[in-house]
Amino acid sequence: MSNILIVDDEVTFAKNLAKYLTRFNHDVATAATVAEGLQLFRSRSPDVLVLDFRLPDGTGMDFIEQVRATDESVHIILITGYGTVELAVDAMKAGANDLLTKPVSLNELRERIDAMTQQQRTSSRLRYFESREREASHSILGQSPAIKALTQRIERMASVDAEGMLPPILITGETGTGKELVARACHFLSARRDRPFIEINCAAMPPNLLETELFGHERGAFTDAKERKIGLLEAADGGTLFLDEVGDMDLTLQAKLLKIIEDGRFRRIGAVQEQQVYVRIVAATNHDLQARVDEGAFRADLYFRLRVLQLSVPPLRDREDDATYLAQQFCQQMGLRYRRERIHLGPQALAAIAAHRWPGNVRELRNVIEQAVLLATTDTIEAHELMLPALRSSTTSDTSGAGESGSALDRSERELLVKALAESNHNVSQAARILGISRDTLRYRLEKHALKM
Ligand SMILES: Nc1ncnc2c1ncn2[C@@H]1O[C@H](COP(=O)(O)OP(=O)(O)OP(=O)(O)O)[C@@H](O)[C@H]1O
Ligand SMILES: [Mg+2]
């Protein structure tokens, strides 16, 4: 749960966002002006600040400067109506962590808040998350043979249980294909469903923190170790430990992981005695692990061990008619959520969805539909209301507005990405830092613009 403050003079938007975030257990307050916002900021000291750029009594930039004078740690997301490169750079210089351009997808905004608070927890030493909700394979939507085969495979893998360490499961697939959903299904469809499901993102923290997190430590193991601390492996005993982004794990930790997979034995940091756990390891990555092995960044022996039980989640473009099917499902879900029960996709919109390549996969589709449901002017969503990139560029001859600003936005976002990549010498972590966004967000955006890391 995060303490969030939204400062936006579009009261309906702020209210909707607050309602939405509250549903995900966040504690949210809203303000409509700089003055009111600063007052609330002082009384609540929020973890996350969502800030509109244009406010009746000042700009978001002024707000950021005042806040940053006293608070280094709050995460700031600035929302603007137009995304120019200069503005983004200024905002980041002033101390914003993230910049979003309108229309904002509630889902994306929430994902960013979650990613930020995840980083924040890292520094406040509370770095793991037990599953919030029980998701099983019924939440993996889709009618294509590819997705049906996948769910059958998940069910088979989940139904195998035995004494001792179960073989690990490796989930591979492009960004946004649903790897996390699949990992949850592996757990909640298994006999271990009442045991803990614990997930940790291996890319989100430095190796030594990840190590302490996984193994725990004895009292006095190092200067900060004032108390004994149980690691995630022990916490997940009898259940499932989900190692997300395992391809980014550091090589020495990979060796330790391999040992655990083999016999379930490990040592807390600073301990003499070994411990035994029975944990199913589920690992996910959107890297090509074979390529990581060839580069010397991933241990071959660990890769061979992991890939025995592999679930490869297909990109959305390879799932026959699933894009339109999922779009309709999401449209219905969002319609209920936003009280627009009669909303549906028109035939042209469905055709555009079928034709699009969905580089961001299901996540992109979900965001597009959410945005369209929120902004649609009638009960039928038309193709142009989806604001798909291809349509944006094909409407450049039309001077009616939305298409134009969309493509200008796209261009400036692309320019920013290219600049950050050049500056960081194509180092993803560094580029993400320059832009003040998470690596996940950066990867997603690179893919969206078909840019190479
Ligand atoms: N088949 C599906 N049915 C319904 N929702 C889905 C499906 N696949 C993915 N989603 C939704 O799409 C979003 C992205 O999925 P998820 O986070 O599991 O992707 P991922 O593969 O882990 O991506 P990344 O590599 O970027 O971490 C989530 O909101 C998820 O609930
Ligand atoms: Mg994921």
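Just so we're clear, the structure is a prediction, and the values are computed from it rather than from any experiment. Heads up: numbering here begins at 1 and tracks the sequence. In what follows, every heavy atom counts, from backbone to side chain, and hydrogens, waters and symmetry copies are set aside. For ligands, and for the atoms within them, numbers begin at 1 and follow the listed sequence.
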Item to check | Arg445 bridged to Glu108 by N-O distance under 4.0 Å | outcome: yes
Checklist entry - Does the pair Glu174/Arg317 count as a salt bridge with the N-to-O cut at 4.0 Å? => result yes
Next on the checklist: Given the ring of Phe215, does Lys256 sit roughly above its face, with NZ or CZ under 6.0 Å from the centre of the six-membered ring and within 45° of the axis?
Outcome noted: yes
Using distance alone, decide if ligand 1 has a nitrogen or oxygen within less than 3.5 Å of any nitrogen or oxygen in [X].
X	value
Asn107	no
Asp244	no
Gly176	yes
Leu141	yes

Item to check | Selected option - heavy-atom contact closest to atom 17 (O) of ligand 1, from Arg443, Arg366, Arg363, Glu245 | outcome: Arg363
Checklist outcome for this item: A student comparing Val182, Val362, Asn367 should find that the heavy atom closest to atom 12 (O) of ligand 1 comes from Val362
Item to check | Numbered atoms and elements of ligand 1 in range of Ile140, under 4.0 angstrom, heavy atoms | outcome: 1 (N), 3 (N)
Next on the checklist: Using a 4.0 Å cut-off to any heavy atom of Ser139, which atoms of ligand 1 qualify?
Outcome noted: 3 (N), 4 (C)
Checklist entry - Under 3.5 Å, is there a donor-acceptor pair between the Asp294 and Gln290 side chains? => result yes
Item to check | Distance-only side-chain donor-acceptor flag, His356 / Glu364, under 3.5 Å | outcome: yes
Next on the checklist: For Tyr338, give me all partners under ring-ring contact (aromatic ring centres under 6.0 Å, His included), at least two apart in sequence or on another chain.
Outcome noted: none
Next on the checklist: If you apply the rule salt bridge (Lys or Arg N to Asp or Glu O under 4.0 Å), what do you find for Asp248 with Arg443, and how did you get there?
Outcome noted: CA-CA 13 Å; Asp248 292 298; Arg443 280 202 201 104; 3.6 Å; yes
Checklist entry - Is it the side chain (CB and beyond), the backbone, both or neither of Tyr325 that lies under 4.0 Å from ligand 1, heavy atoms counted? => result neither
Checklist entry - Side chain or backbone of Thr177 under 4.0 Å from ligand 1, or both, or neither, by non-hydrogen atoms? => result both
